[in-house]
Amino acid sequence: MAGKNLLQIFEKYQPGEQNAAWMLTATDIRLRADKERRMIEVSAAFPALIEKRVLYTVEAEIAKAYQLTHVRILPRYPAALFDQRYIPELLEETQRVGIVARGFFHSYRARLEGDKLTIEMPYANESLLLMEAGQTPTVIEGIIRSEFGLSCKVELCHSPELAAEYSFADTEAELAEWDVKLQQSSKEYENRAASRSIGPSESAMTASSAELSNAHRTMSLLGEIGDAVIEDGICRIGSRKFDISSPDFISGAPFEIKPVPLARVDRQMRNVVIIGEVFGYTQDTNRAGDKINVNFGITDGNTSIMVKKFSLDPEDAKTLSASVRDGAALALKGYAKHDTHKDMVDVDVTFYYSDIAVVKKIDRVDNAPVKRVELHLHTTMSNMDALIPPDKAVAMAKKWGHPAVAITDHGNVQGYQDAMLASEKLEQKVIYGMEAYFVNDTASALSGDYKGSFDDEFVVFDIETTGLSNENCGITEIGAVKVKNGEVLERYNTFVNPEMPIPQDIVELTGITDDMVKDARVIAQVLPEFLPLWGIGF
């Protein structure tokens, strides 16, 4: 992008004359893009201020031209342009990016004095504490620093005068109106999702979701994805087997269990059935505190997908958790869609169920007539090399009828304790081993090419210093011995004045203090004596 202006970078976008004019003034343009999420941020320096509404409009138009989910233009201005007049624009941006800021700046009075910005507001202390908890002052300070390179302290405070003039009823009415709009939007979205006829061979996706589905995603650990195989009530799917002959329908209505492999659930789909084992089950109370949100993962051993359900009654959530827990095998019917968080569309899909059936997972068995003994087995104590804990490995060997199992983690024996406890409890023999390393990790006394022997004459010397830097630290002591045929022939030792204070931690390490070296010679005087005396070139 070197040398290109904003219009050349976004050549598909055709702005109006006024927008084109200020876009051409941008310099020092920096881009940050996320192809997978279809996001782009543009940071650029501008000589004059640009209204936020103008920036926001251009961002939306660029996003539409390139079918992006998120476009941000981050302006940088000369510090001299920041004054009282820019505060409304500053707060407009704050309401856009702040967690607890939107709708709070209907009424305010701002005062900029030097490097401090005070914003008086009509709200009581509770509301101001909420804004503080949402780090609103920090957000404002960050915007000023980002756009003008200035450090400005921001303080929010209550104003009795503004409170006397402000109508809180208007705010409550506006919030109630927004609440109704949000509820209506949520219902409309759910109705559209339920009415779409979307399947693997159909295309009723939104443009952004269609683009996302084209992004490269590795959906299968096993390579080619085959169909689920159902024979005599046994379903083989992914790398797992499930008994679906007598399902227990615990939520919703009964349904036919003909699951789609999870690796194929990579786009928006409706009326789809999936099956797998539960992991990461959680329940959380909603903001109002009267409903429960459920979230968990499902895996078929090949692919995993997140499952969600919102606004369950507490009693229904309690009933659900009695059957749906980590390790449970479930068949679910529902729909899959891309979630949207703060205008960003999730690349992966999330599954929302309407009906649930509990089925049985068929564990893998060892049918070999002569059982093996695994002599090389890593556990979770082998970092990045295994997923099974030591006690689970011992229990699995017992279940498969193996006469013994070896624990051979690499570089440690930390799995022994759990393996031993499981061994004693299950009466399963454990062979304790380790994948060890043979490494010559000692410092080399010699370097270079030397043909002599240990009987030769050589000098060993040591120095103490004020620190570890060969540029900023000084030598405080030199000691040396001359050795031949394994015997010490001569010794040398002298303090050296480093011409700098000795740090306290170095004093504790070496035992050498400032008083001990204050009358010693400096290194420039010591080396001409030491090096020739010991046969070292100088």
Side-chain angles (χ1 to χ4, degrees), residues 28 30 32 43 45 76 78-80 82 113-117 135 137-138 141-155 383-384 411-412 414 437-538:
D28 190 19
R30 309 167 191 172
R32 188 169 70 91
S43 174
R76 304 193 305 277
F82 181 60
E113 298 173 324
D115 58 355
K116 182 178 181 180
L117 172 61
Q135 298 184 327
T138 304
E141 292 169 1
I143 296 171
I144 297 172
R145 187 164 49 250
S146 171
E147 295 191 359
F148 297 95
L150 298 173
S151 295
C152 184
K153 180 66 176 177
V154 176
E155 179 181 348
N383 191 28
M384 300 295 289
N412 75 88
Q414 302 306 311
Y437 306 111
F438 182 78
V439 179
N440 181 10
D441 59 356
T442 58
S444 176
L446 296 175
S447 62
D449 187 14
Y450 179 68
K451 303 299 184 181
S453 69
F454 286 111
D455 294 331
D456 290 348
E457 182 179 296
F458 59 90
V459 174
V460 179
F461 68 93
D462 179 40
I463 63 173
E464 300 293 347
T465 66
T466 61
L468 299 177
S469 172
N470 63 351
E471 295 181 356
N472 304 319
C473 298
I475 296 175
T476 59
E477 184 181 24
I478 296 179
V481 293
K482 184 178 291 184
V483 181
K484 185 174 183 179
N485 296 324
E487 295 182 1
V488 176
L489 302 181
E490 196 173 348
R491 300 178 185 273
Y492 178 90
N493 183 263
T494 183
F495 284 125
V496 180
N497 188 337
E499 299 182 282
M500 65 181 66
I502 303 176
Q504 183 58 37
D505 58 338
I506 299 299
V507 171
E508 295 174 0
L509 180 66
T510 65
I512 301 174
T513 66
D514 290 329
D515 287 339
M516 296 168 66
V517 299
K518 66 180 181 179
D519 296 325
R521 295 171 295 169
V522 299
I523 192 65
Q525 296 171 320
V526 172
L527 286 182
E529 170 195 273
F530 169 68
L531 296 178
L533 181 65
W534 293 83
I536 303 173
F538 180 69

Partners passing side chain to side chain contact (heavy atoms under 4.5 Å, CB included) against Val522 (at least two apart in sequence or in another chain) = Asn497, Glu499, Ala524, Gln525
message = Could you check whether atom CZ of Arg32 has more than 12 heavy atoms from other residues, nucleotides or ligands sitting under 6.0 Å from it?
response = no
query = How about Gln504: does its CD atom have over 12 heavy atoms from other parts shown lying under 6.0 Å from it?
reply = yes
request  = Go through the structure and list residues passing ring-ring contact (aromatic ring centres under 6.0 Å, His included) with Phe495, not counting sequence neighbours.
outcome  = none
Asp115 side chain to Ser151 backbone, donor-acceptor under 3.5 Å = no
remark   = Taking every heavy atom of Ile523 against every heavy atom of Ile475, the minimum-distance pair comes out as CD1-CD1, 3.9 Å
ask   = Which pair of heavy atoms, one from Asp455 and one from Lys484, lies closest together, and at what distance?
value = O-CG, 3.7 Å
note = dist Ile502:CD1 -> Cys473:SG (nearest 0.5 Å) comes out at 11.0 Å
Atom of Val154, atom of Pro137 and distance for their closest heavy-atom approach = O-CB, 3.8 Å
key: Asn383, CG atom: more than 12 neighbouring heavy atoms under 6.0 Å   = no
remark   = Minimal heavy-atom distance between Ala480 and Phe461, with the atoms involved, is CB-CB, 3.7 Å
request  = Quick one: closest heavy-atom pair of Gly479 and Asn493, and the distance?
outcome  = CA-ND2, 4.0 Å
message = Let's go through Arg521 and Glu529 carefully: what are the C-alpha distance in whole Å and the side-chain angles of both, what is the deciding distance for side-chain contact (heavy atoms from CB on, under 4.5 Å) to 0.1 Å, and is it a yes or a no?
response = CA-CA 11 Å; Arg521 295 171 295 169; Glu529 170 195 273; 3.0 Å; yes
remark   = In this structure, OG1 of Thr476 is separated from CD1 of Ile506 (nearest 0.5 Å) by 8.5 Å
request  = Might you point out which heavy atoms bring Thr513 and Val507 nearest each other, and give the distance in Å?
outcome  = CG2-CG1, 3.8 Å
task = Give every residue pair that meets the salt bridge (charged side-chain N to carboxylate O under 4.0 Å, His left out) criterion with at least one member in residues 141-153, sequence neighbours excluded.
result = Lys52-Glu147
task = Answer whether the closest heavy-atom distance between the side chains of Glu457 and Leu489 falls below 4.5 Å.
result = yes
